[in-house]
Amino acid sequence: MSYENGGPLVQGLIVVGSCLDSTVKVPLDVYIKLLDRTPREEYGDFGFPLGRFIRGDLSSIVDSISECVSRNVDFIILTTEKGFMNIRVLEDRLGSELLNYVGKGWVIDAPKVNPNEAKRIVIEHTSANPVHPLHIGHARNASLGDSLSRMLKARGHIVIRRYYVNDVGRQMAVVALGLRILGISPNELASRLNMKIDHAIGWVYAITHTSIDYVSANNRGNINEAEKLASILAKLRERGDSKLADYIINSILSIDNPEALLSEIMARYEYGLEPEKSLIMSIAKAVIEGFNMTLSRIGVAFDYIDWESSIVWSGLVANVLEAIKQSKYITKYKDTLALDIMSIVRDKIGDDESLREVFKIPKGFDIPPMVLVRSDGTTLYWTRDIAYSIFKFRDSNADIVINVISGEQRLPQLQIRLALLGLGLVREAHNMIHYDYEIVRLPGRVMSGRRGEYVSLDEILDEAKARALQEILARNTSIDMSLAESIAEKIAVGAIRFSLVQPGALKPIVFDVEKILNFEENTGPYLQYTYARAHNILEKHGPIDYRLVDPTAYKDRERRSLLIHTLMYPLISAKAIDELRPEDIASYLLKLADIFNRWYQRDSVIHEQNIGFREAKALLVKLVRDALSSGLTLLGVPVLERM
RNA sequence: GGGCCCGUAGCUCAGCCAGGAUAGAGCGCCGGCCUCCUAAGCCGGCGGUCGGGGGUUCAAAUCCCCCCGGGCCCGCCA
C-alpha cells in the first residue's frame, strides 16, 4: 500500500504510523486498518487501539511515539486514554501545512500506488447473454464492474475491461430457433415490433423458450406446469405482435422433440457450421449493439468484447482439453470426459489452512467430477470458461483477473480456479478473483429472462429521467429544454448507479422503483446537488488567493471538522480501492456531503467580511468540491455543475 | 442431506473480516426554517432485547458453537 501524495493530513497520520512501527513494531498496514475516528470529541480526532498490542500502562510508550512524531510534523498531538492512543489535530497548523501543499499545486484525489506496485488488472464484467435486454440485475454487475475499473485505474493500475459474449450454448440456440422460425433478420424483427433491438430479441427469446418448456411439460404430463406456461405465453403475446407470437408457438408445438433440435443447433454452432454460424452471430451482434446503447448511457465501456465462439474456434478450448487429458486429473464420469476436482484439492491444497482460505474451500467440500465434454462431443460452459480464464491472463499479460459474477456462480467459479491449479497454472489460480455480489430481485420473485419477467434498465433510466426532468422544471421555470434534459439524464444515471453500488455487494437488493427514483438524502442526486452547491460558491467567489488565507479560520468547530473529514479522502479512497470496496467511497461521500451541507447552512463564504477567513473558507469549499468530484467519478456518478 | 450469503430502528442500510470508548445514517412520521452562496437543503422530535440461545474474553453487533428465518448453489443449463 502506498499513500504518497495523500496530502497534509494523511501524510501526518502516516508519520504517526511510521513512529508506531519503529517504536512498538506495529506494521503500517495494521495501523491503517485499525485507525478510526473517535466516537467523542474529547478523545481527539483519531483513535488507535494500542492496548491491543501493549499490555499495561501506555503513557510512556505514547510519549516516545509522540517525540518521534514531533520531529516530523507539528500539527499532531498524541494522548492516551482507555487503551487507546488518540490523535488530535491542531487545525490552524494543519491549515498552514495545507497551504504549502496547495502552493505546490497539490489537488485532493485518490493517491496512486508507486509505479513499481502498479498491476495489470483485467476486469471482466456485465457479460450478459445476448438474448434479452439488460435488466436491473445486469446494471448492478455493470455498475460494480465499472466502478472497480475506474477505481483501480485511478490508483495507477493498468485496467483492461472485457465483456464476454456467451454465444455458444443453449440460450443462443433458443433465440436462433425462434428467429429461424420467423425467417426474418433481427433488424426486420425490431422494426416489425417497433422495439429497440435487444427488447425485440428478448421477446422472441421468451416466447420461444416458454413454448419449448410448454411442450416438455406436456410431454412429461405435468398439467399444472403446462397451464402456468400457457398463461405466461398469453401475456407475452399481448406485449408484442400476436401474429408473430402465434407463428412461433404453433411451429414449436409441431416439433416432436424441440430439445433435440436445440442440441443440434448448439452443436452445429460450436463446430462453426452454416447457416447457424451466421444466424447466431447476427443475433448476438445486434443485441450487443442494443446493450452498448444502454451501457453508454450509464457511462460503461469496454476495451475488448470477447466471443466465446472465438475461444472455441481458435482451438484454445481444444488445447485446454488436451492439456487436461494429459494430466492425472482426467477421469470418466457417467461415460463422459470429466475433471476430478476433489483429487486436485487433495493434491494441491490438502490440509493447508491458508490455501483453503485463499480458495475459500467450504468445509466438508465434496463435489462430483466436473463434466467437460458432453456425450455428443460438445463442450460445457465451464470447459470453455477454463480456456477463457487462461486467455484473459495471456492476452492482456495480466497480473490479476477480476471476474464480476453473481454469487450464484460461486461453485463453478471455484471449480474453474481449481481446474487452473490442476493444470499447473498456480499463479493464475491464485490471482483470479471472483468478485461476487448478490442478485437484484423483484419483490417476491426472481427476474427471469426466459419468461420475459424483468425490469429493463432502459425502462428504469427513462422513468428516472422523466422524474428528474419534472423536478428540474419545477425548480427552474426558465431553463432551456435541451439543457434540462441533459441534466435529467445525468441525474437518472447518478441515481441508478449510486443506488446499485452503495450497499455492500453481498447485500441482496430487492428492487424498488420508488427507492431509485427518490432523489433525497443518501442518494446519488443528493451528492450531485452538493457538488453543484460547492461549485456554485467557487463560481461566484472567483479564483482563490492562497496568500491571503488565514488558517486560524479553521479553529471554528464546523469548519475544522469539515477540513479534517475532507482531507481524509485520499486515505479513504486508497483503502477502498485496495480492498475493492466501492461502497466505502459511497458512505464516505455521504458523510462528507452531510457535514458540508450542515456547514453551508450557516456560514456564508462569499458574504464573509474578513478576507483571510473568506479565502480560507473558499479553499475549504474547493477541497470538498474536488473530493466529491473525484469520488463521484470513481463511482460513475456524473458530476453536475447545475441542477 | 451438504455448503455458501444475508438477518442491526416501522422500512432500506453502515459498523462485523482486523473484539474495545454513549451502535450510526437515510426513508417514513411529527414540528419548525426560503427578502441572505440553489429548500434535491437545514434544525428539532419519536423510534434499537444488534434474529434467538450458549461459550471465549477485563471487554462481544463484532470471535466460536447450536438453533430459527430469508435467499442461493450442489445438472451431459448458463
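Chain letters run A, B, ... following the sequence lines, proteins first, then strands; residues in each count from 1. Predicted model only: the values in this text are computed from it and were never measured.
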Report each atom pair, protein N/O against N/O of nucleotides 46-48 of chain B, whose distance is under 3.5 angstrom.
none

Mind listing the N/O atom pairs, protein and nucleotides 25-28 of chain B, below 3.5 Å?
unit_1	atom_1	unit_2	atom_2	d
B:G26	O4'	A:Asn522	ND2	2.9
B:G26	O2'	A:Glu521	O	2.9

Produce the list of close N/O pairs, under 3.5 Å, pairing protein atoms with atoms of nucleotides 69-72 of chain B; give distances to one decimal.
unit_1	atom_1	unit_2	atom_2	d
B:G71	O3'	A:Arg441	NH2	2.8
B:C72	OP1	A:Arg441	NH2	3.4

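Using a 30° and 60° split on the angle between ring planes, A:Phe48 and A:Phe53 fall in the parallel class, below 30°.
The listed nucleotides are B:A21, B:C43, B:C76; the one nearest the side chain of A:Pro39 is B:A21. Comparing B:A78, B:A39, B:C76 by their closest approach to the side chain of A:Tyr600 singles out B:A39.
For A:Glu259, the salt bridge (Lys or Arg N to Asp or Glu O under 4.0 Å) test picks out A:Arg170, with sequence neighbours left out. Residues passing the side-chain contact (heavy atoms from CB on, under 4.5 Å) test with A:Pro638, sequence neighbours excluded: A:Lys490, A:Val493, A:Gln528. Applying the side-chain contact (heavy atoms from CB on, under 4.5 Å) test to A:Ile341 and every residue at least two apart in sequence or in another chain returns A:Leu339, A:Val345, A:Phe365, A:Ile367, A:Met370, A:Gln415, A:Leu418. Residues meeting the side-chain contact (heavy atoms from CB on, under 4.5 Å) test with A:Pro27, sequence neighbours left out: A:Asp29, A:Val30. With sequence neighbours excluded, the residues satisfying side-chain hydrogen bond (donor to acceptor under 3.5 Å, both in side chains) with A:Glu41 are A:Arg557. When the salt bridge (Lys or Arg N to Asp or Glu O under 4.0 Å) test is applied to A:Glu558, the partners found at least two apart in sequence or on another chain are A:Arg602.
Sorted by first then second residue, the side-chain hydrogen bond (donor to acceptor under 3.5 Å, both in side chains) pairs that include residues 367-377 of chain A, not counting sequence neighbours, are A:Arg374-A:Thr378, A:Asp376-A:Thr378. Residue pairs meeting the side-chain hydrogen bond (donor to acceptor under 3.5 Å, both in side chains) criterion with at least one partner in residues 358-370 of chain A, sequence neighbours excluded, are absent.
Helical stems of RNA chain B (runs of at least 3 Watson-Crick or G-U pairs, donor-acceptor distances under 3.5 Å) are listed by first residue: B:1-7 with B:68-74, B:10-13 with B:24-27, B:29-33 with B:41-45, B:51-55 with B:63-67.
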